[in-house]
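Heads up, the thing below is written out as structure tokens.
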Protein chains: 2
Amino acid sequence: MEGIVNNVEVSIMEKRLAKYAKALGHPVRIQILNILNQQSCCFNGYLTEIIPFAKSTISQHLKSLKEAGLIQGEIMPPKIRYCLNKDSWEEAQQLFKNLFNSQKL
Amino acid sequence: MEGIVNNVEVSIMEKRLAKYAKALGHPVRIQILNILNQQSCCFNGYLTEIIPFAKSTISQHLKSLKEAGLIQGEIMPPKIRYCLNKDSWEEAQQLFKNLFNSQKL
DNA sequence: TATATCTATCGTAATTTCACGATATAAAAA
DNA sequence: TTTTTATATCGTGAAATTACGATAGATATA
């Protein structure tokens with residue numbers, strides 16, 4: 001019998017978690033977040049000096065972290081200072097925690 | 001001065017975490033892991049019934065979770081039962097925890 | 001005003017991801 | 001043995017990701 005199909009739509013929370021996870025899904029972005037998390041903020045220049053990739057590549061990674069909401073950039077001409085977005089960071093932390101604790105998302 | 005450049009290579013742990021995060025970076029895969037985490041194991045058939053995507057698509061997602069080491073499949077002909085890989089799951093949990101606690105990776 | 005500095009964006013090429021239907025495989029059931 | 005069932009794999013196309021150098025923009029500094 002082809003009866004009732006329980007199509008369980010992906011929940012909003014699952015989508016949010018996936019979005020955060022995707023943003024964390026590259027070693028360079030992990031490294032950036034690690035640095036920001038240890039010293040709260042830092043200048044783009046510091047990142048491009050430390051991370052062995054082209055500046056444009058690092059800009060791109062910063063952009064995807066920004067689009068995921070995990071970081072924000074503050075313009076301090078001519079430099080740009082990046083910081084964690086504390087609210088999103090904490091939301092992400094909570095969502096991952098719930099996942100691993102098998103709380104219903 | 002173009003002096004010493006502190007190329008801080010991405011660490012092994014950052015790579016492992018990125019690998020896990022990437023595997024978590026899709027809503028369907030989060031949903032699958034959520035189910036497996038709540039009931040420990042389940043049959044592929046249950047997933048394909050519940051998740052509104054083609055069976056081949058779900059197989060693909062299961063494959064990427066398997067390749068990331070997060071799950072394993074046990075053949076129980078003609079069905080296949082998927083379970084979390086407990087070791088990897090716990091390693092991932094620890095790595096995410098460390099990230100958010102800003103422990104050095 | 002002209003120049004230097006810092007960063008973002010553009011254009012591009014190679015690769016990967018995502019979704020699908022069709023096909024293949026392997027074991028149970030008829 | 002043939003058929004059914006359950007799942008994986010193949011082939012495909014569209015879209016996204018990743019890396020780069022070149023270019024552009026905005027603000028200090030000379």
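Hydrogens, waters and symmetry mates play no part in the numbers below; they use all other heavy atoms, side chains included. Letters go in sequence order (proteins before strands), and every chain restarts at 1.
- To the nearest angstrom, P of C/dT5 lies 17 Å from CZ of A/Phe43.
- Protein atom CD1 of A/Ile80 is 12 Å distant from nucleotide atom C1' of C/dT9, rounded to whole Å.
- When distances run from any side-chain atom of A/Lys22 to the nucleotides D/dA16, C/dA22, D/dA22, the shortest one goes to D/dA16.
- Side chain A/Gln60 to base D/dA19: a donor-acceptor pair is found below 3.5 Å.
- Distance, A/Asn44 CG to D/dG25 C1': 15 Å, rounded to whole Å.
- A/Asn37 places no side-chain N or O within 3.5 Å of a backbone atom of A/Leu33 that could act as its donor or acceptor partner.
- Atom CD1 in B/Ile51 sits about 11 Å away from atom P in C/dA19, given to the nearest Å.
- The CG-P distance, from A/Leu62 to D/dA19, rounds to 13 Å in whole Å.
- Using a 4.0 Å cut-off, no side-chain N or O of A/Lys63 falls inside it from OP1 or OP2 of C/dT7.
- Applying the salt bridge (Lys or Arg N to Asp or Glu O under 4.0 Å) test to every pair with at least one member in residues 58-79 of chain A, sequence neighbours left out, gives these pairs: A/Glu74-A/Arg81.
- When the side-chain nitrogen and oxygen atoms of A/Thr57 are compared with OP1 and OP2 of D/dC20, one or more of them lie within a distance under 4.0 Å.
- Residue A/Arg81 is classed as having no contact, given no heavy-atom separation below 4.0 Å to the nucleic acid.
- Rounded to an integer number of Å, the gap from B/Ile58 CD1 to C/dC20 C1' is 12 Å.
- Taking a 4.0 Å limit (strictly below) on heavy-atom distances, residues 64-75 of chain B does not reach DNA chain C anywhere.
- Contact annotation: B/His26 reaches the phosphate of C/dA19 (side-chain N/O to OP1 or OP2, under 4.0 Å).
- With D/dA8, C/dT9, C/dG21 as the choices, the nucleotide that has an atom nearest any side-chain atom of B/Tyr82 turns out to be D/dA8.
- Nearest nucleotide to the side chain of B/Ser56, out of D/dC10, D/dC20, D/dT7: D/dC10.
- Within the 4.0 Å cut-off from OP1 or OP2 of C/dA8, at least one side-chain nitrogen or oxygen of A/Ser59 is found.
- Note on ring orientation: taking the six-membered ring where Trp is involved, the planes of B/Phe96 and A/Phe96 are parallel (angle under 30°, cut-offs 30° and 60°).
- We find that CG of B/Leu47 is positioned 14 Å from P of D/dA6, with the value rounded to whole Å.
- Of the candidates A/Val28, A/Leu70, A/Leu36, A/Leu70 is the only one forming a side-chain contact (heavy atoms from CB on, under 4.5 Å) with A/Leu65.
- Between C/dA19 and B/His61, a contact under 4.0 Å exists linking OP1 or OP2 to a side-chain N or O.
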